[in-house]
Amino acid sequence: MEGPTMSDAAAEAVPEHRYTAALANTIEQRWQEHWTERGTFEAPNPVGPLKGDVPDDKLFVQDMFPYPSGAGLHVGHPLGFIGTDVFARYHRMTGRNVLHTMGFDAFGLPAEQYAVQTGQHPRKTTEENVARYLKQIRRLGLGHDERRRVNTTDLSYYRWTQWIFLQIFNSWYDETQDKARPISELEAEYAQDKRRTPDGRGWCELTVVEQRKIIDSHRLVYLSEAPVNWCPGLGTVVANEEVTADGKSERGNFPVFRKNLRQWMMRITAYADRLVDDLDLLEWSDQVKSMQRNWIGRSKGAHIRFPAGDDAIEVFTTRPDTVFGATYMVMAPEHHLVDRIVPDAWPADTDERWTGGHATPKEAIAEYRRAASQKSELDRQENKEKTGVFVGVFATNPVTETKIPVFIADYVLMGYGTGAIMAVPGQDQRDWDFAKVFGLNIVRTVQPTEGFDGEAFTGEGVAINSSQENGLSLDGLDVDEAKKTIITWLEQNGHGEGRLQYKLRDWLFARQRYWGEPFPVVYDEDGLPRALPETMLPVELPEVDDYSPRTFDPDDADSEPSPPLSRASDWIDVELDLGEGKKTYRRDANVMPQWAGSCWYQLRYVDPTDEERFCEPENEKYWLGPQPQVHGPDDPGGVDLYIGGIEHAVLHLLYSRFWQKVLYDLGHVSAKEPYRRLFNQGYIQAYAYTDARGVYVPAEEVVERDGKYFWNDQEVKQEYGKMGKSLKNVVTPDEMCERYGADTFRFYEMAMGPMDVSRPWATKDVVGAQRFLQRIWRNVVDETTGALKVSAEEPDEATLRALHKAIDGVHADYANMRFNTAGAKLIELNNHVTKAYGGKPAPRSVVEPMVLMLAPLCPHIAEEMWSALGHDGSLAHGPFPVADERYLVEDTVEYPIQVNGKVRARVTVPASATQDEVKAAALAEEKVAALINGGEPRKVIVVPGRLVNVVV
RNA sequence: GCCCUUGUAGCCCAACGGAAGAGGCACCGGACUCAGAAUCCGGUCAGUCCAGGUUCGAAUCCUGGUAAGGGCACCA
């Protein structure tokens with residue numbers, strides 16, 4: 001590879017002390033060692049093992065911690081890490097106590113899959129990858145508190161993950177207080193008969209097993225025999241959030257099947273309202289907030305019961321105002337009521353389209369269910385043609401009191417609402433489509449807007465065709481009024497009630513894998529779960545011969561999970577004393593999902609070495625507690641700045657908020673939310689090139705000529721997207737550090753654009769950052785002798801103005817994460833200094849603040865220059881220069897004068913001039929006077945400090 | 001289909017509703033050189049995706065398109 005700045009022939013011409021890649025590397029290594037030796041970035045805690053003197057003013061900056069993959073880093077990965085580092089360094093220099101570190105989210109499938117392939121223990125793979133990862137990120141000069149690194153796979157970490165699991169397990173959600181409470185308080189309520197048992201018997205009349213089952217059914221973690229996402233190709237179940245829109249597993253892209261299995265669930269739905277409502281307290285982007293709202297999917301509506309024989313079909317609808325237009329009903333094919341209400345024969349004169357050609361309703365239903373179960377998710381996606389079959393019964397519309405037919409159809413989903421709908425074809429397109437296929441009545445109950453020629457009308461309008469003879473009428477009401485009126489009527493007449501409905505489901509919390517946290521739970525002879533006491537933590541992951549779960553043909557929906565831990569028989573069967581003497585118990589063979597460890601790591605960063613608690617309350621309060629005096633009365637607390645990719649918008653960020661709220665309810669933490677401010681960084685993308693055969697060629701070797709791209713003289717096609725090995729367009733940070741130095745790399749990466757926008761990588765542009773650092777270096781150090789090159793001279797007025805303007809702007813840019821413009825302002829200032837002083841030494845009083853301001857972006861070279869300037873200590877803790885107001889205001893101001901919006905002239909007036917004086921000066925200007933031509937201007941707008949606009 | 005983001009020089013990107021340009025890359029010229037490289041000095045290049053609207057004034061605010069990226073999707 002070619003050198004960055006010189007060819008071999010020219011090497012001897014390079015001055016000895018020029019800031020080359022080689023010199024940068026020497027400087028960088030030296031300062032990284034100094035920082036480590038001196039513990040420069042260690043942030044003290046108020047109490048505990050990391051106790052120290054703490055200022056009140058603190059800042060907690062956190063990156064979404066990485067999964068240490070075997071592939072290593074490319075230049076896109078550290079974008080966020082460098083951003084947080086610049087931000088943290090800036091604030092540290094202003095005197096704040098800054099907590100910034102980075103740990104590893106190291107449980108998970110890749111290490112396990114690698115282990116399966118190679119037979120190497122996942123712990124070994126993980127350790128190797130972490131070591132490699134650390135080597136790569138350390139080279140970037142990130143100012144992390146190394147004492148606070150955590151790894152979710154360490155026993156000292158996951159014992160506390162298990163401890164939190166037990167907290168959640170030993171809690172229930174009290175709807176009346178709207179918070180989680182210890183399960184013991186629920187037991188007490190039952191024992192004192194303050195709470196009714198489901199069948200009305202007294203608590204003492206129940207057997208212990210019956211009592212435990214009732215209690216277990218209230219826990220925030222519970223075992224449920226329910227349809228889960230079974231993925232035979234992975235050999236495990238996965239959460240709803242891990243299933244893609246087309247019914248595949250997010251990892252591996254294997255088909256996922258709904259299957260009834262007994263699995264651990266976490267009752268995240270209990271928090272649905274608070275998870276939605278508290279989004280308003282967070283400084284997060286609207287995008288992420290709307291994704292979370294969308295996922296939780298709270299909608300307001302009503303439950304309405306439609307009598308059908310001796311039963312009633314309950315539906316959920318968001319449009320109870322349209323109930324007069326409900327001309328038929330649809331139940332999900334698997335709805336339990338179907339088999340109860342289905343008659344033996346079709347009613348007389350049943351439409352042939354409704355029977356599917358079957359002799360009896362039972363046959364038709366069985367056949368429809370069979371066909372539906374064979375449809376993959378993808379079929380359902382692609383083919384939205386409405387199908388269904390008549391159940392053979394009629395229900396009664398409670399407002400019109402007419403008989404309406406009941407169907408089953410797969411466009412109604414069992415998993416949402418009640419699994420049944422009232423169909424209102426006039427106001428719902430899906431119902432319209434179905435009605436057309438089956439020849440059903442359509443009644444409009446909302447007046448469509450004039451000129452509407454569509455089918456179902458879903459817009460706003462007044463109700464029509466919506467009145468009963470005996471009084472109830474919605475006619476003439478708008479949608480909102482009609483909803484209120486009908487809900488009141490339904491409630492008064494016992495036909496239904498207003499309800500909130502959520503898309504959010506409980507969180508499936510078990511995986512049939514090896515490399516994860518074991519559950520701190522055992523099963524007794526009744527097959528019921530028993531939480532282990534805290535004293536028995538941690539439950540250590542056992543050694544096994546085979547790390548893989550049994551996986552199956554990805555399409556084998558009938559396969560059964562067989563987790564690796566179930567084969568560790570020495571571990572599975574265990575003798576314990578849980579207060580009833582030694583007995584044999586059976587451990588849980590599942591492990592927790594990968595998200596578990598990342599649900600609470602910000603808390604462990606705060607107190608990483610505490611062996612008594614997961615996090616000392618005083619430390620939690622200091623770093624994460626609400627700060628109403630700074631952030632307002634509703635401040636929920638949490639990490640001050642959390643940076644990561646948008647891909648975790650739903651999964652990690654929702655789970656983490658849920659755990660935080662449980663811990664908050666139980667009084668373990670003072671913050672309601674884990675991350676007060678979230679910032680999603682953009683991605684660094686790259687061009688890739690394919691030749692005529694569609695094969696990727698090395699992007700590095702492609703040249704551009706006249707808008708076309710060539711590799712080895714053959715034309716190639718350009719693509720734009722991710723960096724990846726297979727695309728042959730990977731650029732690594734190590735490579736950049738070698739060719740230019742870490743500071744140049746950091747500067748370039750931050751200069752590329754705003755933090756939140758994706759942008760293309762361009763190696764050829766990096767040299768610009770290096771040239772800047774060479775120029776600033778040259779203003780401090782003589783390239784030939786290496787001697788310090790500043791003067792004691794007072795800077796001239798123009799330089800002072802340039803300096804203080806830069807200080808003022810750079811401050812604001814750093815504080816608002818505009819690192820690209822902060823860099824540009826530093827270049828501007830340095831260019832001014834270079835020009836103003838030519839080859840002569842520049843004044844120390846200008847050079848020093850410039851060096852300090854560079855430090856957050858390029859800490860190594862800044863430290864080196866700071867030390868060359870004669871300072872002993874590190875500049876990591878400041879000072880950061882402060883702008884002198886005097887130099888920010890100009891003596892005179894030049895005003896452009898617009899006439900009717902076009903700039904026609906300029907006048908220069910003293911900065912102290914009043915608006916009237918500016919106006920007078922503007923009108924007196926000869927070109928302006930000529931344009932006005934003696935007349936009176938209609939209006940004169942003076943924008944102080946900016947311009948004058950004359951309207952004639 | 002619905003929701004969110006973003007469209008400014010050849011490229012990456014700046015610009016509290018107030019003079020379209022801060023910075024970098026590329027390109028061109030000059031100084032320095034025997035020459036080149038490096039360095040220094042200077043310069044070329046867009047009227048802000050399109051169409052309306054608000055305003056004295058719009059890259060910026062509003063409406064409707066369009067293109068790219070992302071999310072959700074038979075959710076009643």
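Order of the sequence lines sets the chain letters (A, B, ...), proteins ahead of strands, with each chain counted from 1.
For A:L413, the listed nucleotide lying nearest its side chain is B:A76; candidates were B:C56, B:A76, B:G23.
The shortest non-hydrogen separation linking A:L854 to A:L826 is CA-CD1, 3.9 Å. The shortest non-hydrogen separation linking A:A312 to A:R305 is CB-CB, 4.2 Å.
A distance of about 6 Å separates the P atoms of B:C49 and B:U8, rounded to the whole Å. Comparing B:C4 with B:A76, their C1' atoms sit 24 Å apart, to the nearest whole Å. Nucleotides B:U44 and B:G23, compared at atom P, are 14 Å apart to the nearest Å.
Within the shown strands, B:C62 is the pairing partner of B:G52 under the Watson-Crick or G-U definition, both distances less than 3.5 Å. For B:G57, there is no paired base (Watson-Crick or G-U wobble, both distances below 3.5 Å). Across all strands shown, nothing is found opposite B:G17 as a Watson-Crick or G-U wobble partner with both distances under 3.5 Å. Pairing partner, B:C40: B:G30, with both Watson-Crick or wobble hydrogen-bond distances short of 3.5 Å. Pairing of B:G10, defined by two Watson-Crick or G-U wobble distances under 3.5 Å, is identified with B:C25. Across all strands shown, the partner of B:U5 is B:A68, judged by Watson-Crick or G-U wobble contacts whose two distances both fall under 3.5 Å.
Position along RNA chain B of the nearest nucleotide to A:D428 versus A:V943 favours A:V943 as the more 5'-ward residue. Each of A:K939 and A:T418 has a nearest nucleotide on RNA chain B; the 5'-most of these lies closest to A:K939.
Residue contacts for A:R946: at a heavy-atom cut-off of 4.0 Å it reaches a base atom on one of the strands shown. Among the atoms of the strands shown, only primed sugar atoms or phosphate atoms (P, OP1, OP2) are found under 4.0 Å from some heavy atom of A:E828.
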Check nucleotides 60-64 of chain B against the protein and report each pair of N or O atoms closer than 3.5 Å, with its distance, or say if there are none.
none

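With hydrogens and angles disregarded, a donor-acceptor distance shorter than 3.5 Å links the side chain of A:D506 to the backbone of A:I268. Not a single donor-acceptor pair under 3.5 Å links the side chain of A:E497 to the backbone N or O of A:L490.
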Handout entry: Contact state string [nucleotides 25-31 of chain B, B base, S sugar-phosphate only, - no protein heavy atom under 4.0 Å]
Key = SS-----
